[in-house]
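First listed ligand is number 1; within each ligand, the first listed atom is number 1.
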Amino acid sequence: MEIIGVTLEELEEIVTGFGEPRYRAQQLMEWIYKKGVADLSAMSNLPIAFQRCLQEAGFSPSVLLVEGAKQATDGTKKYLFRLQDGLDIEGVYIPEERRKTVCFSTQAGCAMGCAFCATGQKGFHRNLTTGEIVDQVLKIGNDRQTRITHAVAMGQGEPLANYDATLKALKLLNADYGLQIAARHLTVSTSGVVPAIYRLAKEETQINLAISLHATNDQLRSELIPLNRTYPLAVLIKASRSYARTTNRRVTLEYIMIEGVNDGEQDLKGLLMLTAGWLCHVNLIPYNSIPDSPYRPSQPRTRRKFLKTLQNHRVAVSIRQERGAEVEAACGQLRRRLNLDEQS
Ligand code: SF4
């Protein structure tokens with residue numbers, strides 16, 4: 001059982017169930033989140049008998065094993081985590097000056113089957129629990145001996161297809177008794193689960209929303225992101241605009257640029273149309289090739305042309321080429337980007 005995937009109130013219920021006073025829950029939270037201690041027997045202000053009770057009942061502050069890690073020369077570090085049922089997931093640490101970001105997974109595998117994504121090609125295993133999501137951030141922060149300032153749900157999986165566990169994890173990352181990451185520094189990236197976008201807008205959080213757009217017409221987007229057949233562009237953009245309006249938060253539109261696929265004149269015109277008149281930001285991402293993929297990255301001059309044209313039309317836009325930003329740019333590109341980084 002998890003004690004890192006629960007709220008303070010839930011933990012209070014657990015500890016009082018063992019006949020302990022409520023404040024034990026706060027003590028446990030401090031050990032886990034503030035001191036980075038994942039070993040119950042090292043929590044010196046907890047009675048030894050209580051530590052044993054928790055252990056014997058199977059409550060653990062740690063639900064992931066770090067199976068491996070690989071660090072790029074610029075400090076980016078990719079972690080391979082082993083879940084208790086033997087499945088693997090990935091998380092990534094991205095240091096950028098004062099910003100320390102963790103990109104975390106929300107599912108083991110993914111059912112969305114996006115054409116450009118290595119994870120999507122391998123299918124879906126299961127949703128992660130809240131504790132498995134939070135523990136990625138904890139383990140990485142503890143390993144790096146640093147305070148994590150930003151966290152993004154852009155690793156393996158579609159976060160909004162695991163809505164409850166993801167949202168609860170984000171609340172724990174944000175909580176005073178948790179990791180105290182500002183809500184404005186938390187981001188959910190989705191391939192476009194429209195009902196969940198409306199639901200998220202009503203949560204009254206300041207969480208950022210990023211949409212994996214990647215195409216400006218339904219035919220191409222359905223080829224790249226099969227979910228588009230269920231929630232086509234018109235309804236996705238309507239939901240995104242609604243999110244921006246309701247939350248007053250700028251929505252990021254991720255656009256992986258693939259040569260000859262989505263980087264032509266019509267695509268640029270489509271981007272201008274889809275972004276007109278609302279609070280959004282376009283993030284142009286160079287595609288990172290994966291083996292056996294027919295796709296290639298757009299030419300740098302094409303990316304620059306997209307950038308300039310969007311800027312000229314007063315659309316907020318950036319090209320994410322720096323290593324860290326690339327990693328956090330969009331789910332499904334994570335593994336490949338890191339491999340690329342490691343080679344550089
Ligand atoms: S890109 Fe994201 S949503 Fe699409 S298959 Fe990959 S992990 Fe899933």
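Less than 4.0 angstrom separates some heavy atom of Gly113 from each of these atoms of ligand 1: 5 (S). Those atoms of ligand 1 with a heavy atom of Cys117 less than 4.0 angstrom away are 1 (S), 5 (S), 6 (Fe), 7 (S). Short contacts between ligand 1 and Cys110, defined as distances under 4.0 Å to a heavy atom of the residue, involve ligand atoms 3 (S), 5 (S), 7 (S), 8 (Fe). Counting the atoms of ligand 1 from 1 in the order shown, those under 4.0 Å from a heavy atom of Gly157 are 7 (S).
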For this session: Might you work through the salt bridge (Lys or Arg N to Asp or Glu O under 4.0 Å) test for Arg199 and Asp164, ending with a clear yes or no?
Result: CA-CA 11 Å; Arg199 190 176 162 197; Asp164 292 336; 2.7 Å; yes
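The pair Arg126-Glu132 counts as a salt bridge, with a side-chain nitrogen and a carboxylate oxygen less than 4.0 angstrom apart.
One of the N, O or S atoms belonging to Cys114 lies under 2.8 Å away from atom 4 (Fe) of ligand 1.
No donor-acceptor distance shorter than 3.5 angstrom exists from the side chain of Arg221 to the backbone of Leu233, with no hydrogens or angles considered.
No cation-pi contact links Arg249 to Tyr243, judged by a cut-off of 6.0 Å to the six-membered ring centre and 45° from its axis.
For the residue pair Arg184 / Asn208, no side-chain donor-acceptor distance below 3.5 Å is found, with atom types taken as modelled.
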